[in-house]
Amino acid sequence: MMRHHAHPTRPARRSLFVSGRWLFLLIAAMIASGCGPVNDPQPGALPPVTADGDRLRAGGRAFEVRGVNYIRPTGDDERRCWTLQFGADINCPWRMSAIEADLDALRARGVNTVRIFLNYYVFGGQREADASYQKSEALQHLEEFIAAANQRGLYILPVLLVEYPQDQFGPAYYERALEWHVRPLVRHFAGRPGILAWDLFNEPDIGSPIDVRCWDWDNGDFPLCFQLAEERKQFVRVIHDEVKRLDPERLTTVGMAFAKSYFEPAEAAIRMADVVDFYTFHYYDNEPYDSGRYRQHWYYGDGFPADLQRAIDELHALGLRKPVVVTELGFPTGAGATRTLDDLRRDQRIALQTIRNARGAGVVLWSFQSSPEELLGDLFTR
């Protein structure tokens with residue numbers, strides 16, 4: 001859902017008691033034996049998350065991702081600062097107290113994972129426009145964010161490349177992306193606990209900033225789309241290999257806009273399903289219309305929740321036995337939207353149950369709503 005903007009995300013341009021003796025003993029026995037889920041990690045050093053067939057595990061126990069995409073602190077004006085810039089944009093002042101309040105609210109509502117976006121220009125790419133640019137302050141704020149989340153038992157799922165230039169995926173740009181952005185970040189956090197995985201790139205399969213006909217890189221009716229897919233798959237593979245070299249024990253994934261992009265175009269030299277440790281993709285239905293996920297265009301035309309179910313089923317059908325997490329799923333409410341808050345609660349429950357029925361490993365909600373309370377309700381605590 002993170003869109004490519006020619007705008008303010010570039011800092012130089014605009015510089016989430018049950019009592020009873022026997023129940024207690026049963027739970028204590030499960031914990032002592034290492035059995036049972038660890039969906040509510042306790043504060044402290046969080047155990048590494050690993051992939052085991054179609055399940056994720058943390059500390060040897062099953063782990064279901066119950067997450068939120070953290071876009072900006074509650075109360076921030078999205079017209080002034082649409083997304084978190086880690087202090088690199090004067091329009092987006094760093095408000096750690098507001099962030100901590102949000103993390104407390106997320107924790108209280110059963111969230112165990114927070115997905116965040118590492119803007120290419122904030123963490124290195126700005127050097128193209130300003131050779132003296134330093135990312136030390138942004139890196140310090142990122143450290144603060146991760147530490148605050150981990151102290152509350154929340155994993156961080158960082159999206160490594162966001163707002164990357166859409167016309168710079170060719171071999172001539174590999175080393176610059178690696179040296180300016182990827183290597184400094186991955187080296188800095190390599191081996192540290194509390195980071196669930198590296199989400200290598202956000203929606204590389206959406207090529208509409210280059211040509212609207214390549215909204216889906218599997219558009220076989222337009223030859224440019226296949227060329228675009230080949231180039232981007234190779235770029236992401238280069239990023240993956242370097243990340244694995246620097247942080248070999250950490251899981252990797254790619255936040256695909258479409259689940260099918262892990263195996264299409266089928267004629268491509270690289271199948272992304274073979275690259276990552278687990279699959280992640282994004283699901284929206286008819287709203288918001290301008291996101292392109294309307295029923296006539298996206299997926300299979302059967303709507304919600306059938307398309308969501310089929311997307312997960314197709315990934316499992318590849319036979320690679322990898323976990324599937326839906327890392328963006330959201331339903332707008334409010335002015336101009338068709339859903340009420342009651343509709344939101346209903347469809348969130350349907351989505352979560354659909355993912356579980358399809359042997360998915362979790363979900364990360366997209367924050368269309370204005371606060372953790374409005375977004376989550378009791379979805380992860382009921």
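All values reported here derive from a predicted model rather than from experimental measurement.
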Q) Are Gln85 and His141 close enough, and set up right, to give a side-chain hydrogen bond (donor to acceptor under 3.5 Å, both in side chains), and what steps lead you there? A) CA-CA 9 Å; Gln85 298 297 313; His141 290 324; over 6 Å; no
Q. What distance separates Gln348 CD from Leu341 CG, expressed to the nearest 0.5 Å?
A. 9.5 Å
Q: For Asp274 and Arg237, run salt bridge (Lys or Arg N to Asp or Glu O under 4.0 Å): C-alpha distance rounded to whole Å, both residues' side-chain angles, the deciding distance at 0.1 Å, then the answer.
A: CA-CA 10 Å; Asp274 298 318; Arg237 180 59 185 262; over 6 Å; no
Q.
Under the criterion side-chain hydrogen bond (donor to acceptor under 3.5 Å, both in side chains), I'd like the reasoning laid out for Ser371 against Glu373: C-alpha separation, chi angles, the key distance, then a yes or no.
A. CA-CA 5 Å; Ser371 68; Glu373 297 84 354; 3.3 Å; yes
Q. Any chance the rings of Tyr133 and Tyr121 have centres within less than 6.0 Å?
A. no
Q. Looking at side-chain heavy atoms only, is the closest gap between Thr253 and Asp277 below 4.5 Å?
A. no
Q) Hey, mind stepping through Phe63 and Thr113 against side-chain contact (heavy atoms from CB on, under 4.5 Å) and telling me if it holds? A) CA-CA 11 Å; Phe63 180 78; Thr113 302; 3.7 Å; yes
Q: Using the salt bridge (Lys or Arg N to Asp or Glu O under 4.0 Å) rule, take Arg250 and Asp247 through it: C-alpha gap first, then chi angles, then the decisive distance, then the call.
A: CA-CA 6 Å; Arg250 190 93 60 196; Asp247 197 5; 2.9 Å; yes
Q) Would Asp378 and Arg382 pass as an ion pair if we require N to O under 4.0 Å? A) yes
Q) Do Tyr262 and Val276 come within less than 4.5 Å of each other through their side chains, counting heavy atoms only? A) yes
**Q.** Quiz item: cation-pi between Arg232 and Phe169, 6.0 Å / 45°
**A.** yes
Q: Begin with the C-alpha distance, continue with both residues' side-chain angles, and end with the deciding distance and a verdict on side-chain contact (heavy atoms from CB on, under 4.5 Å) for Asp216 and Lys260.
A: CA-CA 10 Å; Asp216 174 359; Lys260 65 187 179 68; 2.5 Å; yes
(Q) What I want to find out is whether Glu328 reaches Arg115 closely enough, with some N-O distance under 4.0 Å, to be called a salt bridge. (A) yes
Q: Work out which heavy atom in Asp199 is nearest to a heavy atom in Gly255; give both atom names and the distance.
A: OD1-N, 2.9 Å
Q: Mind listing the closest non-hydrogen atom pair of Arg55 and Pro323 along with its distance?
A: O-CG, 3.4 Å
**Q.** Working for side-chain hydrogen bond (donor to acceptor under 3.5 Å, both in side chains), residues Thr340 and Asp342
**A.** CA-CA 5 Å; Thr340 65; Asp342 287 341; 5.0 Å; no
(Q) Would Arg213 pass as a cation-pi partner of Phe222, given that its NZ or CZ must be under 6.0 Å from the six-membered ring centre and within 45 degrees of the axis? (A) yes
Q | Spatial distance of atom CG (Leu200) from atom OG1 (Thr252) [nearest 0.5 Å] | A | 5.5 Å
Q: Might you work through the side-chain hydrogen bond (donor to acceptor under 3.5 Å, both in side chains) test for Asp102 and Tyr70, ending with a clear yes or no?
A: CA-CA 9 Å; Asp102 284 342; Tyr70 193 79; 2.6 Å; yes
Q.
Tell me the closest heavy-atom pair linking Pro184 and Leu178, and the distance in Å.
A. CD-O, 3.7 Å
(Q) Could you tell me if the side chain of Leu352 sits less than 4.5 Å from the side chain of Leu379, heavy atoms only? (A) yes
Q. Given His181, which of Tyr120, Tyr173, Phe201 fulfils the ring-ring contact (aromatic ring centres under 6.0 Å, His included) condition?
A. Tyr120
Q. Charged N to carboxylate O under 4.0 angstrom, Arg72 versus Glu78?
A. yes
Q) Say you draw a straight line from CD of Glu374 to CG of Leu344; how long is it, rounded to the nearest 0.5 Å? A) 8.0 Å
Q.
For Arg346, is the CZ atom crowded, meaning more than 12 foreign heavy atoms sit under 6.0 Å from it?
A. yes
Q. When Phe331 is tested against each of Phe304, Tyr284, Trp366 for ring-ring contact (aromatic ring centres under 6.0 Å, His included), which residue passes?
A. Phe304
Q. In terms of side-chain geometry, is the basic nitrogen of Asp52 or Arg57 positioned less than 4.0 Å from the acidic oxygen of its partner?
A. yes
Q | Nearest non-hydrogen partners of Ala190 and Leu246, listed with the distance | A | CB-O, 3.4 Å
Q | Salt bridge Glu64-Arg356, side-chain N to carboxylate O under 4.0 Å | A | yes
Q: Might you work through the side-chain contact (heavy atoms from CB on, under 4.5 Å) test for Leu103 and Leu154, ending with a clear yes or no?
A: CA-CA 8 Å; Leu103 295 176; Leu154 304 173; 3.9 Å; yes
Q. If we only count heavy atoms from C-beta on, is the Glu128 to Trp180 side-chain gap below 4.5 Å?
A. yes
Q.
Using side-chain heavy atoms (C-beta onward) and a distance below 4.5 Å, is His282 in contact with Val326?
A. no
(Q) Nearest 0.5 Å, please: how far is CD in Glu100 from CE in Met96? (A) 4.5 Å
**Q.** Pairwise side-chain contact, Val254 with Val275, heavy-atom cut-off 4.5 Å (strictly under)
**A.** no
Q | Gap separating the CG atom of Leu329 from the CD1 atom of Ile355, nearest 0.5 angstrom | A | 5.5 Å
(Q) If I take atom CZ from residue Arg245 and atom CD from residue Glu242, how far apart are they, to the nearest 0.5 angstrom? (A) 4.0 Å
Q. Are side-chain heavy atoms of Ile156 and Leu196 found at a separation under 4.5 Å?
A. no
(Q) Let's go through Phe86 and Lys135 carefully: what are the C-alpha distance in whole Å and the side-chain angles of both, what is the deciding distance for side-chain contact (heavy atoms from CB on, under 4.5 Å) to 0.1 Å, and is it a yes or a no? (A) CA-CA 10 Å; Phe86 297 94; Lys135 55 175 167 278; over 6 Å; no
(Q) Any heavy-atom pair between the side chains of Tyr164 and Phe235 that's under 4.5 Å? (A) yes
Q: Evaluate the criterion salt bridge (Lys or Arg N to Asp or Glu O under 4.0 Å) for residue pair Asp54 and Lys322; output intermediate values, then yes/no.
A: CA-CA 5 Å; Asp54 59 13; Lys322 296 182 178 183; over 6 Å; no
